[in-house]
Structure formats: C-alpha cells, structure tokens
Amino acid sequence: MDRLSAEKRIGELRDSLREHSRRYYVDNAPLISDYDFDRLMLELQELEAQYPDLQTSDSPTVTVGSDIEGGVRSGFERKAHTYPMLSLGNTYNIAEVEEFADRAAKTLDGDFCYSCELKFDGTAISLTYRNGLLVQALTRGDGSVGDDVTANVRHIPNIPQKLAGSGYPAEFEIRGEVLMPYKSFDRLNEERLGREEEPFANPRNAASGSLKLIDPIETGKRGLWCTLYHIPAQCIDCRTHSEALDRAASWGLPVSEHRRICRNLKEIEDFINYWDTERKHLPYATDGIVIKVNETAAQMALGYTAKFPRWAVAYKFRAERALTKLLSISYQVGRTGAVTPVANLEPVLLSGTTVRRATLNNADQMALLDIHMGDYVYVEKGGEIIPKITAVEPGKRTEGALRPEFPKCCPECGTPLVREEDEARWFCPNSSGCPTQIKGRILHFTGRKAMNILAGDATIDQLYSLGLVKTPADFYSLTRDDLLRLDGWKDKSADRFLKSLAATREVPYERVLFALGIRHVGETTAKTIVKEYADVDSLAQASVESLTAIADVGDIVARSIYGFFRDEENLREIARLKAAGLRFSAGAAAQQASDALEGMSIVISGNFGISRDEMKKLIERNGGKNSSSVSSKTSLLLAGSKPGPEKIRKAEELGVRVISEEEFLALLPQAPQAGNAEADEEEGYQEDLFGGMV
C-alpha cells in the first residue's frame, strides 16, 4: 500500500475504532465482535509500524478505551487513579503467547514462572480499602481517571465493606471485574423484553450498564458479582502476584480460585485448552486466559507501554459462531407497536443448541450489516445465550440479491409506521386498532407481575376472536357462560379464572399502574412513581417537568407518561377499571402506621410467617428503610428460617444486630396476621448460583 492510500486507510481505521470503542464502553451496545474489533486494531498497528511518521499520540493503538468518553456521566464524579489502569494486549494465537514468553525471557535474568487465570467478561473496577474499610470504587474510565461508583459497588453482595483477618496494608488498591452471571442476565433481559426494550447483547454490556445506574438500590437488584485479580505492586509487599492474591483471599476478598502457576508454554497451553471447554460450565462469562509473569520484581523490570503492561497478555477464545443461510425476515409487532425484524435461518448448531431465528434489532442494524436476501450470515450467541447476526459473507452472495425493505406499513394492520427522532425503532401508531398490539396489552395486563390473571396466549386469542375482550376492562364483564364458550373450558377452569379475576381488586396500586402498559414504565419505575404520586388522578395531571424530577425518570419516560394520560381512550379505560374496583391509589394500606423503625436501615433474609413482600411493606409502614445488602450502615438484619449464611457472616463481621421475626414484631405497636410465607428467592438465587465457587 502506498503512503497516500495508507494515510487514508489509517484515518478510516481510527474513526471506526473510536466509534466502536464508544459503542462498547459508553453505550454498552457493540456492533461488532471482539475478534473483528481486534482485527481492525491489528491492521492499524501494522500500518502505523510501516509508516511511523503517521503515528499520533491519540491513536487507538496507544490509548485506552474509555467508559467516560463524550462527557461526564450524570451523577458520577470523576476521580484520578493512583496508578494508571491499563488494558491488556490480546492474542488469539498460541504462537503469539510463545513470542510474549520469549520477549520476557530475553529481558529478565534468572528463572520466572507465570500465573494463568481466567479472563472474565465484565467491566473493570478498582477498589480502595483504608484501615480495612472500603472507601472508594472507580471504573477504568480512560485509564487515568474513572467514574466514582462507590455507592453502587456497596450494593454488590460479594464485595466486603470491611475486610476479615489481619495483616492487610493500611491502604491499598485491588482491581478486578464486575460480572453479571448468566441467571441474572437472563432475568434482566426477560424483564426488558417484557417492556419491549432492546435486550442487552451479552452479560458484559449488562454488567457495565447496571454498574452505572443512578440509583444504587437498582444496581443492587441486578444480581451483579465481582471477582478480583490484581493488586498493584506498589500497594503490597509480596514476592509474587499469586502470593498477593492468596493474601487478598484471606482478607475475605473475592479472588478467583481458577488460576494455576505454569512454568513453560506446554503448561500454559494445557491450561488454555482445558478452560476453552470447561468455561461453558461456569455460571458467568469468560472470554479468555490471562498469562502474567508471576514474580513482582520481574513485572517491575518488564514495565509498561503507554497502553499495556509488558508482563501480561490475554489469550482470547474465539466466540463460537456458525455460517448459515438467511431464508427470510419476519417483522414482529409488540404490544407498544414496536416493529422488530427477525431473521429466519437454515437451522444451525451453535453452542449446543439449534438456532433457527436471530434478532436483527432494527432497521439501522440491518443497514449496518448490509444484509441482502439469501445472504450467508455469521451467527453468534451474545454471552453464548442470545443468537445474533454479527456479519454477512459477501463472497457467497448471489448476484442480483436484493436488500430487504423495512415495511412502511404495519404488517398486522396496514397502518403507516412512524419513527420518532430519538428512537431507533419504527412503530405502528394504531394502538387502538392493531390486533397484535391489543392482544399484547391484554396479555401484559394478565401477567404475574401485573394483575396475575389466569389467562395465557391461547385464552386471550379466543376471547379476542369471539369479541369478548378488546381491552383489559372487558375482563370484568365476563360471565361464566362466556368462559364456557372457550375451547376446552369446563366449570373448574371458569371458577379458577373468575377467582383470579376477583383477586385483582386487592392488587396494590403500583402493580395496577405497571399493568396499564405505559410505554417505558416497568415494574420498578411504577413503584418509584407511586412514591411521588399516590393516586392516578394526581399522576394524570403531572407535567413533563415534574415527572422528570423523579429519580430514574428521564425525559423519554416522562413524555411517555404525559402522553398516555392525554389520550381519551386511555382515560376511559382507567375509568372502567376504577368502576370494576381496581386500586388506583396507594390508600390507607400504604400510609405510615408508626415511627417505631424511623431511621433504621433493615435487611431481611430467609422465610417468615408472612410473605417477604409483606414484610418489606411492614418495615416501610413503620418508618424503616429496606436494604438489599448488609453494610456498615445497616441497623438490623431480620433473619427468618433458612437465612442466607453470607448475610449472617457479614452482619457478624460488621457488628450488625441480628434479630428473629418474633423480636422484630415485638418492636412494632401492632403485629400483622400470619399468612402464606414465601421462599427467599433472592437469597437462594445468589447461593445456588455459585455454590461456593467464588
């Protein structure tokens, strides 16, 4: 390539890499795989080596990808790292690992060994402990400064607020990765899909986005986990890296047990090959192996480049992907009218399952892929879970193949589609006449987290086809005779349905609000809104400005709520639901019964004589505040039967008082009646998930 062509290509590569870096670190929505990103980076490195006069100090080859590009994130303060927080050099080739080892051997005198560890696919974090207490948590940022996310990190359950044991430095820094385990990832994406929001592509993106939530309580609900893997040599007097991690583990810090000391390339290769298979059995995502020179003095001798430590390299596993043919594209309409393109594929085996369909997300994604009908496409599983098309194979494209045309009209009702300026998706605006949207809203209304009515897709299809239910309010006009018209329904089925329908009159206001299906208003947002607007009438009169003043309600959500209550059909529907007896105000049940727990932060764990939700409401009604994890600010740990041992251990370490259900009820002026207890789902979830592995 001549110099002029090289200069042009270098500019293109830098622009492309910066854009993909921003999408990866800032938006948490990458458009290409890590492997494709690394290929672009390698091409740029080779061109800059060929033409050194074209190198610049701000090239992506010498700068760290930043999670604070584009300005300061709202709600987070930037702080400087005491020691630069660099990236790792990547390779997909064992021969390049051998080159790394050879370079180290040429520089170092004497024998040395390697610490081989899993490379966790999460978001980098740096923790600072002072006198045994967690005082600061920073993201990587641009390597020099990061966002202070200390408040959020305090809600990650396996990060200790106070160290155990003794012998730790008066102040030190330890670095690692915040992860989202597969179970948490599945649960989060299920909730997002239920709200017709774009699912996260993989657990890494979900972890990064969750760590940067404005509300720390919400971060605590995301099921994040942490593993730590490096203490800067300046912080601790240890001869080897592995010794430093062993000491960190003795202080109660979550250090991975999946590491091995290797003395030659054969042992390194064996470790890589073992985990390339075994990683599929782990409860969290890993994307490679990190090979580090183990001796601290050797690390100092090898030093650093502007971007990487010279004493470590990451061998990255190739994401499993398959090439298959695109047969057709379907366009699905959701309950909010969002139209999503879905690729129908020739069946292909991928990560142990047969993939027949993969989302294309939206029209913009289709254009970026430059997909044509009949193309052969590469399919990967994001986090080895969600099938997605990552690229096309243009060499196999049939001559004359056409680009798919995104529909201009709704595929269900024929209404012209619209696209708002700040939206990536096209929508069908015919919310009152589009059958798919109507049935989707009815199904959402019946959901377990909404009104919990015993009616699934088949039942709703029948009720809609017979003209019996066109809106949720129509449920309350149904008779036994109406229900017995449904295929397969007998007296017992009708009785169960009517019983579940009657129970909806006891459903609290926040769930009723969620059940209405207001776009962008999920279960958590509904609870937040109810704290500010105790009845639907006051909410209906709220301005966009007053709504945006609520925590975690941005401009898009506020405008969606405001618009919903300006629609006469929605107001008529609410009036009918009110007449049916549904709760549209917080009511007396939500009023504070006493101030017996005023100023107390209380964590609950285990099973009780009443449900966990009722126990939490009881705490709030008596002036207390619920917290999801034990910390130095916790006033009480309320332990029922089968409490989580991790919470008990932390409470004992921090001197937090642990009380039984009986002791707790004795604090209140009036104890509740016992009901049906429910299992401690969150506690069991965290412990079953890891089974003591981490």
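- Annotation: side chain of Q437 is in contact with side chain of C428 (closest heavy-atom distance under 4.5 Å).
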Donor-acceptor list for residues 499-514 side chains, cut-off 3.5 Å, not counting sequence neighbours:
unit_1: S500; atom_1: OG; unit_2: L454; atom_2: N; d: 3.2
unit_1: S500; atom_1: OG; unit_2: F497; atom_2: O; d: 2.7
unit_1: T504; atom_1: OG1; unit_2: Y476; atom_2: OH; d: 2.8
unit_1: T504; atom_1: OG1; unit_2: L501; atom_2: O; d: 2.5
unit_1: R505; atom_1: NE; unit_2: A580; atom_2: O; d: 2.7
unit_1: R505; atom_1: NH2; unit_2: A580; atom_2: O; d: 3.4
unit_1: E506; atom_1: OE1; unit_2: R583; atom_2: NH2; d: 2.9
unit_1: Y509; atom_1: OH; unit_2: D535; atom_2: O; d: 3.4
unit_1: Y509; atom_1: OH; unit_2: V536; atom_2: N; d: 3.2
unit_1: R511; atom_1: NE; unit_2: A450; atom_2: O; d: 2.9
unit_1: R511; atom_1: NH2; unit_2: A450; atom_2: O; d: 2.8

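- Residues F664 and F608 fail the side-chain proximity criterion, which asks for heavy atoms closer than 4.5 Å.
- The aromatic ring centroids of F185 and Y284 lie 6.0 Å or more from each other.
- At a threshold of 4.0 Å, the pair E652-R649 does not count as salt-bridged, since none of the basic side-chain nitrogens sits closer than that to a carboxylate oxygen.
- Using a 4.5 Å heavy-atom cutoff, the side chains of L547 and V557 are not in contact.
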Exercise for review: Apply side chain to side chain donor-acceptor pair (under 3.5 Å) to the pair S328 and N344, showing each step before the final yes or no.
Suggested key: CA-CA 5 Å; S328 63; N344 301 303; 2.9 Å; yes

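- Looking at every heavy atom in both residues, S431 comes nearest to I438 through O-CG1, 3.9 Å.
- You'll find the side chain of L668 reaches within 4.5 Å of the side chain of L597, heavy atoms only.
- By the 4.5 Å heavy-atom criterion applied to side chains, R485 and L468 are counted as neighbours.
- The heavy-atom pair separating N152 from D215 by the smallest distance is OD1-C, 4.4 Å.
- The side chain to side chain donor-acceptor pair (under 3.5 Å) analysis of residues 454-469, with sequence neighbours excluded, yields the pairs K439-D461.
- Residues L211 and I156 form a side-chain contact, since some pair of their non-hydrogen atoms from C-beta on lies under 4.5 Å apart.
- Residues meeting the salt bridge (charged side-chain N to carboxylate O under 4.0 Å, His left out) test with K449, sequence neighbours left out: E191, E523.
- When all heavy atoms of V355 and R357 are compared, the pair lying nearest together is CG1-O, 3.6 Å.
- Residues S631 and R154 form no side-chain contact, since every pair of their non-hydrogen atoms from C-beta on lies 4.5 Å or further apart.
- Residues meeting the ring pair (Phe, Tyr, Trp, His ring centres under 6.0 Å) test with F564, sequence neighbours left out: none.
- The closest donor-acceptor contact from the side chain of S560 to the backbone of R519 lies under 3.5 Å.
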Exercise for review: In sequence, state the C-alpha distance, the side-chain angles, and the governing distance for C410 and V333, and then conclude on side chain to side chain contact (heavy atoms under 4.5 Å, CB included).
Suggested key: CA-CA 8 Å; C410 175; V333 182; 3.9 Å; yes

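- Atom CG of L539 and atom CD1 of I574 lie 8.5 Å apart (nearest 0.5 Å).
- A donor-acceptor contact shorter than 3.5 Å is absent between the side chain of N158 and the backbone of W225.
- Contact record, L188 with S210: CD2-OG, 4.3 Å, taken as the closest heavy-atom pair.
- Exactly one of I442, I460, D482 qualifies for a side-chain contact (heavy atoms from CB on, under 4.5 Å) with V469. That residue is I442.
- Under a cut-off of 6.0 angstrom, the local environment of OH in Y331 is crowded, with over 12 non-hydrogen atoms contributed by other residues, nucleotides or ligands.
- Heavy-atom contacts from other residues, nucleotides or ligands closer than 6.0 Å to NZ of K531 number 12 or fewer.
- At least one donor-acceptor pair closer than 3.5 Å links the side chain of E573 to the backbone N or O of A473.
- When every heavy atom of L443 is checked against every heavy atom of A455, the shortest pair comes out as CD1-O, 4.2 Å.
- No donor-acceptor pair under 3.5 Å is formed between the side chain of S208 and the backbone N or O of R204.
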Check your understanding: What do the steps show when you test H520 against T525 for side chain to side chain contact (heavy atoms under 4.5 Å, CB included), and what is the final call?
Key -> CA-CA 8 Å; H520 301 306; T525 304; over 6 Å; no

Practice item. Would you please test L486 and L466 for side chain to side chain contact (heavy atoms under 4.5 Å, CB included) and show each step? Key: CA-CA 9 Å; L486 304 180; L466 292 170; 3.7 Å; yes

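- Side-chain atoms of N430 come within 3.5 Å of backbone N or O of G433 as a donor-acceptor pair.
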Practice item. Go through the steps for Y533 and S546 under the test side chain to side chain donor-acceptor pair (under 3.5 Å), then give the verdict. Key: CA-CA 11 Å; Y533 294 94; S546 61; 3.1 Å; yes

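- Applying the salt bridge (charged side-chain N to carboxylate O under 4.0 Å, His left out) test to pairs two or more places apart or on separate chains, none has a residue in residues 624-635.
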Review point. Given the rule in the side chain to side chain contact (heavy atoms under 4.5 Å, CB included) test, do E661 and L665 qualify, once you have shown the distances and angles that lead to the verdict?
Key: CA-CA 6 Å; E661 182 176 1; L665 295 178; 4.1 Å; yes

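- Remark: the backbone N or O of T471 is paired with a side-chain donor or acceptor of D474 at under 3.5 angstrom.
- Side-chain atoms of L345 and R356, non-hydrogen and from C-beta on, never get closer than 4.5 Å to each other.
- To the nearest 0.5 Å, atoms CZ (F565) and CG (N570) are separated by 8.0 Å.
- Panel note: side chain N626, backbone I619; no donor-acceptor pair is recorded below 3.5 Å.
- To the nearest 0.5 angstrom, F427 atom CZ is 14.5 Å from T415 atom OG1.
- R222 and R187 get closest at one heavy-atom pair: C-NH2, 4.3 Å.
- Taking R480 as the reference, D491, D495 meet the salt bridge (charged side-chain N to carboxylate O under 4.0 Å, His left out) condition, with sequence neighbours excluded.
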